[in-house]
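Only heavy atoms go into these numbers, but all of them, side chains included; no hydrogens, no water, no symmetry mates. Ligands are counted one by one from 1 in listed order, and the atoms in each one are counted from 1 as well. Worth saying up front: this structure is predicted, and the values here are computed from it rather than measured.
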Amino acid sequence: MNRAAVIAGVGGFVPPRVVTNDELAQRLDTSDTWIRSRTGIAQRHVVEPGTTTSDLAAEAGRRALKNAGADGADLVIVATTTPDRPCPATAPTVATRIGLTDVPAYDVAAVCSGFVYALQAGTAAVTSGFAERVLVIGAESFSTILDPSDRTTSVIFGDGAGAVLLRAGEHDEPGAVRDVHLGSDGAMADLITVRGGGAEERSRGEVPRQEDRYFRMEGKSVFFAAVRRMAESSRTVLARTGWEVADVDRLVGHQANTRILHAVAEQLGLPPERAVLNIDRVGNTSAASIPLALADAMADGLLRAGDRVLLTAFGGGATWGSATLTWPDLPVG
Ligand code: UT7
């Protein structure tokens, strides 16, 4: 590998409407105290009717390009669990909205690991010479697939988008993606799922059931699998990079649950304060979670040029993955 993929810009966007825990407690058997103590979430953002994933993705993408001072990209990858439609992919719509016509654009479906999967694809596109600049976006309007009567999922997920622009650069420059590790286990497909709306349901020829259109999660089983897989994957990618755990300045994990992220840090032997957290403000935004956390951490001054950053995620599939990178010198704003 002669060249590296380097982060040239970061952008985040959340829809303006905020839903607090108290607002949810007005219609669900839950409480602010339970949600905060079990998840770390205080509020989440949700789309208004008519706003879709491509709206959020396009705005985050524009912001990443602006942050990079770039006038375009030659590949767009959108990681999402909530595409605008089952067909076609959302990425071409996003690319066109940003003004990037004629460029290749495709979706990645790995639920909450989607951004790390898309980052791997974007990195490979740059290092192979296929693309010079790749816009990697994670975007979700997750509220559109939640069962409003299900307190176990409604309190957790939120909407938003985050994006990074990758450009060709050198391995030793700040911002270079060092290594990516990915994994999956299809035997866990039922733990995080939307059963209906796909070929499985259609092939049975049954009348679609509304309840099968909603997202379902076996929270407890997912919790333990998430901690185990994120910790294992983190160790693997750190070993590939040649970094010790103590070398990691910032752990930017998928914002699934504050307790999960602290448990991952503990299993790795990393001080919990090195974990970046924005879940209190945005909830679990699935594929958007890591790039949104990066954008918020930048705005909060938590990422400095040269910081060694570990990304890690676990999501439906099951899928998981981790990446190492150094942080670039980027303007905030
Ligand atoms: O993004 C992909 C990856 N996703 C994740 O990693 C999510 C992983 N899972 C989790 O974060 C946690 O399992 C949850 C936050 C979903 C649930 O937390 P928990 O500590 O595992 O709670 P639990 O499911 O064991 O439920 C404890 C109690 C139960 O009541 P009983 O049986 O003890 O009487 C639940 O019915 O809490 C109850 N409960 C609630 N109570 C108030 C479940 N949801 C709620 C709620 N409000 N929203």
Where is the nearest protein heavy atom to [atom]: which residue, which atom, and how far?
| atom | result |
| --- | --- |
| atom 21 (O) of ligand 1 | K220 NZ, 3.4 Å |
| atom 36 (O) of ligand 1 | R151 NH2, 2.9 Å |
| atom 11 (O) of ligand 1 | N257 ND2, 2.7 Å |
| atom 9 (N) of ligand 1 | G219 O, 3.0 Å |

* To do: Using only heavy-atom distances, determine whether the side chains of T20 and Q43 contain a donor-acceptor pair under 3.5 Å.
  => no

* Structure fact -> CD (E273) and CZ (R250) are apart, to the nearest 0.5 Å, by 9.0 Å

Does [X] pair with [Y] as a salt bridge, N-O distance under 4.0 Å?
| X | Y | answer |
| --- | --- | --- |
| D280 | R44 | no |
| D190 | R216 | no |
| E59 | R62 | yes |
| E201 | R213 | yes |
| D29 | R151 | yes |

What do you reckon, does [X] have a nitrogen or oxygen under 3.5 Å from a nitrogen or oxygen of ligand 1?
| X | answer |
| --- | --- |
| A256 | no |
| S31 | no |
| N284 | yes |

* Can you list the steps and then say if I77 with L135 is a side-chain contact (heavy atoms from CB on, under 4.5 Å)? -> CA-CA 6 Å; I77 307 174; L135 198 48; over 6 Å; no

[X] neighbourhood, listing ligand 1 atoms whose heavy-atom distance to it stays under 4.0 Å:
| X | value |
| --- | --- |
| C112 | 1 (O), 2 (C) |
| V155 | 48 (N) |
| I156 | 15 (C), 16 (C) |
| R38 | 20 (O) |
| M217 | 4 (N), 7 (C) |
| R259 | 18 (O), 19 (P), 20 (O) |
| H254 | 1 (O), 2 (C) |

* Would you indicate which of D29, I35, T30, V222 comes nearest to atom 3 (C) of ligand 1 when only heavy atoms are counted? => V222

Checking contacts now, so for [atom], which I'm interested in, is there any protein heavy atom under 4.0 Å?
| atom | answer |
| --- | --- |
| atom 6 (O) of ligand 1 | yes |
| atom 43 (C) of ligand 1 | yes |
| atom 18 (O) of ligand 1 | yes |
| atom 33 (O) of ligand 1 | no |

* CA sep, side-chain torsions, deciding dist, call: L191, M217, side-chain contact (heavy atoms from CB on, under 4.5 Å) -> CA-CA 5 Å; L191 292 186; M217 179 171 74; over 6 Å; no

* Note, N257 side chain near N284 side chain (heavy atom, < 4.5 Å) -> no

* Structure fact -> Looking only at heavy atoms, the pair that brings L238 and V248 closest together is CD2-CG2, 3.7 Å

* Asked: Between T127 and A5, which heavy-atom pair has the shortest distance, and what is it?
  -> CG2-N, 3.9 Å

* To do: Measure up the F157 and F142 rings against each other and bin them: parallel (under 30°), tilted (30 to 60°), perpendicular (over 60°).
  => parallel

What part of [X], side chain from CB on, backbone N/CA/C/O, both or neither, has a heavy atom under 4.0 Å from ligand 1?
| X | answer |
| --- | --- |
| T39 | side chain |
| I260 | side chain |
| W34 | side chain |

